[in-house]
Amino acid sequence: MKKLAIIPAYNEEGSILKTVKDLRENAPDFDYIIINDCSTDDTQRICESHRLHVVNLPVNLGIGGGVQTGYQYAKTHDYDIAVQFDGDGQHNAKFLDAMAKKLVDEDLDMVIGSRYIEKKGFQSSGLRRLGIRYFSWLIRKMTGQTITDPTSGMRICNRDVIEIYANDYPRDYPEPESVTTILKAGKKVREMPVEMNERSAGVSSISPRKSIYYMVKVSLAVLMAGKR
Amino acid sequence: MDIRMRIFIGIIMVLAFLYVCTAIKRRVIDIRHALVWLVVCILLLILDIFPSLLEGISRLLGFALPVNMLFFLGFLLAIVIIFGLSAKVSKLNEQVKQMTQDLALLKNELEEKTKS
């Protein structure tokens, strides 16, 4: 069974090597592909000098466009399973095998790594958690299913979902919207507890200034996806 | 409507029309996209030249002053055009995204082939 880790990277020169090392050591069954979203730092040079597998986007597309490129790569290279694995050191590769096993054993379409089932590891700041609880509530209203960590980027999925995401994926802040889309399409989604770290380098894509836009945009997107 | 205002609006419309025409000639703007602006200019010019037409319509729709009707119409058409542009930008954005992704994946494939 071919498994791929999609690593979206924008200016991750400080953490990209660590991320790949973590994958190689703790999830050796997974191939990986770095999607370098037109970084302005040394990410591309580091990837090339270490001969890492990398797709360099010639134009900056934002997180959604980058991750979608990863799903397209998974589709064209005929992978059975793909997982999104952040390039900033927030995700731990040691959970990937268990997530893949759950996906296959329980015949699911997607498994989301959730920080809020066992409440271990980095839990994000208070205001962010409030936002996450709100999206969790909104998704429950729209789909009837409970996703405790709808903003988690650590998501593993099968061929069906790879196909869906390769064709259509939200551009920015994609997680809550894209999970609503596949729930509405009748796909089976479960969560399992994982621990995440605080980012080791780089900055979050959600600055305080953008958080209002984030809340409004994602709410609207989830509502639209839920009504489809 | 005051004759001075009508002359003023008329001159502005003619100038705008000529400006759009030269823009087409110099290939600053595509005819497909310029057409709607030319239509707006001509429409407002007609209403400006024949005020009885404008007065009739504005009475029918309950505008107190015909000139308000003229401004409202211009504003409405501009809004429609701007929304059309927003839609166009969204589409262009999507097309650029798809081309970027295809290009990046192709380049990756080429590099992998030359490596091995």
Side-chain angles (χ1 to χ4, degrees), chain A residues 2 4-10 31-39 43-45 47-79 82 162-163 165-172 174 178 217 220-221 224, chain B residues 19-40 61 68 71-116:
Chain A
K2 285 178 74 180
L4 178 73
I6 298 164
I7 309 173
Y10 177 67
D31 299 339
Y32 71 89
I33 185 74
I34 297 163
I35 311 292
N36 172 27
D37 191 9
C38 211
S39 295
T43 304
Q44 178 169 359
R45 202 187 51 75
C47 288
E48 277 161 7
S49 66
H50 288 80
R51 301 182 70 88
L52 306 180
H53 300 295
V54 60
V55 168
N56 292 303
L57 295 173
V59 173
N60 180 271
L61 292 183
I63 179 71
V67 171
Q68 186 181 29
T69 311
Y71 286 113
Q72 289 168 347
Y73 181 93
K75 186 183 160 191
T76 51
H77 291 76
D78 211 32
Y79 280 94
I162 290 173
E163 173 87 32
Y165 285 168
N167 290 329
D168 189 20
Y169 200 73
R171 252 195 123 87
D172 50 2
S178 55
K217 191 256 168 183
L220 209 61
M224 295 288 187
Chain B
Y19 180 77
V20 176
C21 284
T22 51
I24 295 171
K25 231 190 219 156
R26 287 187 296 131
R27 300 189 182 278
V28 174
I29 182 172
D30 200 52
I31 293 186
R32 279 185 307 161
H33 297 115
L35 225 48
V36 61
W37 290 111
L38 294 179
V39 169
V40 170
L61 296 177
N68 285 350
F71 288 145
F72 176 72
L73 208 65
F75 178 69
L76 197 68
L77 288 168
I79 290 287
V80 169
I81 294 171
I82 291 167
F83 185 81
L85 288 174
S86 290
K88 190 83 193 163
V89 168
S90 301
K91 195 174 166 208
L92 284 171
N93 231 312
E94 185 62 27
Q95 287 171 332
V96 168
K97 184 186 84 173
Q98 279 173 19
M99 295 213 311
T100 305
Q101 291 172 328
D102 277 5
L103 178 65
L105 290 170
L106 275 172
K107 266 168 76 182
N108 169 268
E109 219 159 285
L110 197 70
E111 278 161 19
E112 294 296 320
K113 280 223 172 83
T114 47
K115 249 190 238 170
S116 59

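A, B, ... follow the sequence lines: proteins, then strands. Residue 1 opens every chain. Just so it is clear, the structure is predicted and the values come from calculations on it, not from any experiment. Atoms considered below: every heavy atom in the structure, side chains included; atoms not considered: hydrogens, waters and symmetry mates.
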- Task: Not counting sequence neighbours, list each pair that qualifies as a salt bridge (charged side-chain N to carboxylate O under 4.0 Å, His left out) and has a residue in residues 21-32 of chain B.
- Result: B:D30-B:R32
- Query: Tell me, which pairs form a salt bridge (charged side-chain N to carboxylate O under 4.0 Å, His left out) where one or both residues lie in residues 53-65 of chain A, sequence neighbours left out?
  - Reply: none
- Task: Take atom CG of B:L92 as the centre, draw a 6.0 Å sphere, and report whether it contains more than 12 heavy atoms from other residues, nucleotides or ligands.
- Result: yes
- Within residues 72-80 of chain B, contacts to chain A at heavy-atom distances under 4.5 Å involve none
- Message: Counting only non-hydrogen atoms closer than 4.5 Å, does A:L61 touch chain B with its backbone (N, CA, C, O), its side chain (CB onward), both, or neither?
- Response: side chain
Record all donor-acceptor atom pairs with a distance under 3.5 Å between chain B and chain A; write none if the list is empty.
residue, atom, partner, partner atom, Å
B:N93, OD1, A:R171, NH2, 3.4
B:K97, NZ, A:Q68, OE1, 2.8
B:Q101, OE1, A:Q72, NE2, 3.2
B:Q101, NE2, A:G65, O, 2.9
B:Q101, NE2, A:Q68, OE1, 3.2
B:Q101, NE2, A:T69, OG1, 3.3
B:N108, ND2, A:V54, O, 2.9

- chain B: which of A:V54, A:V55, A:I35, A:I33 shares the most heavy-atom pairs with it under 4.5 Å? A:V55
